[in-house]
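See below for the structure under consideration.
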Amino acid sequence: MQPKRLKYRKPHRTKYDGKAKGNKYVAFGEYGLMATQGNWITENQLEALRVVLSKAIGVIGKIWIRVFPQLSLTRKPLEVRMGSGKGNPELFVAVVKKGTIICEIAGIPEDQMKEALRKAGNKLNVTTKIVKRGDLPHE
């Protein structure tokens with residue numbers, strides 16, 4: 001999962017502390033997975049989340065992944081001296097702040113949805129909670 005085009009190849013690192021400005025409520029599905037802390041989520045973690053949810057819902061359910069890895073992180077090669085500029089882009093991450101809805105799910109029984117979201121939350125490096133559609137975000 002990578003963006004097709006980038007405005008800047010080596011952007012500044014975006015902070016993930018603080019509360020989310022948008023994407024704070026379940027908009028499409030019946031249940032969602034909300035981040036209770038901020039962090040960067042890598043493209044590999046999002047793919048693992050997608051695989052877990054796809055296996056859980058089967059053919060009848062539907063999933064929405066509400067975050068996308070669009071920030072490129074750079075790294076310098078091993079054993080390179082200090083200086084000589086910024087390293088090359090290595091991986092893409094999604095910036096997730098506290099209160100962001102990461103994914104949503106619908107179309108299967110309620111207990112299966114909760115279990116699928118619990119398993120999906122274990123694949124991420126942020127603590128999460130399961131929220132229902134219509135629940136207002138706590139400020």
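The first residue of the sequence shown is numbered 1, and numbering continues consecutively from there. Values below: every heavy atom of this structure, side chains too, minus hydrogens, waters and symmetry copies.
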Check: K19 and K97 side chains under 4.5 Å, non-hydrogen atoms: no
Heavy-atom closest pair, residues C103 and L53: SG-CD1, 3.7 Å
Side-chain donor or acceptor of K10 paired with backbone N/O of K86 under 3.5 Å: yes
Hydrophobic cluster membership, V52 vs L46, 4.5 Å side-chain cutoff: no
Any T100 side-chain heavy atom under 4.5 Å of M34 side chain: no
Shared hydrophobic cluster for F68 and L33 (ILVMFWY, side-chain gaps under 4.5 Å): yes
ILVMFWY cluster, M113 and L124 together (side-chain gap under 4.5 Å): yes
Least distance between heavy atoms, K24 atom then A20 atom: CD-O, 3.3 Å
Qualifying side-chain hydrogen bond (donor to acceptor under 3.5 Å, both in side chains) pairs, either residue in residues 46-56, two or more places apart: E47-R50
Connected hydrophobic set around W40, excluding itself, where side chains approach under 4.5 Å: Y16, L71, L73, L91, V93, V95
Heavy-atom check, side chain of I102 versus side chain of V126, under 4.5 Å: yes
Q45 side-chain N/O to T42 backbone N/O, donor-acceptor pair under 3.5 Å: yes
Contact check, side chains of P69 and I41, non-hydrogen atoms, under 4.5 Å: no
From Q2 atom CD to F92 atom CZ, the distance as rounded to the nearest 0.5 Å: 4.5 Å
Hydrophobic cluster membership, L117 vs I60, 4.5 Å side-chain cutoff: yes
Polar side-chain atom of E104 near backbone of F28 as donor-acceptor pair, under 3.5 Å: yes
Note, S84 side chain near K76 side chain (heavy atom, < 4.5 Å): yes
Worked check of side chain to side chain contact (heavy atoms under 4.5 Å, CB included) between N88 and R9: CA-CA 9 Å; N88 292 325; R9 199 169 77 95; 4.1 Å; yes
Pair K132 + E30: basic N to acidic O under 4.0 Å: no
Donor-acceptor pair, side chain of T36 and main chain of T127, under 3.5 angstrom: yes
In one Ile/Leu/Val/Met/Phe/Trp/Tyr side-chain cluster, 4.5 Å: I130, I105: yes
Whichever hydrophobic residues join V51 through chains of side-chain contacts under 4.5 Å: none
Side-chain (R133) to main-chain (G29) donor-acceptor, under 3.5 angstrom: yes
Pairwise side-chain contact, Y25 with D135, heavy-atom cut-off 4.5 Å (strictly under): no
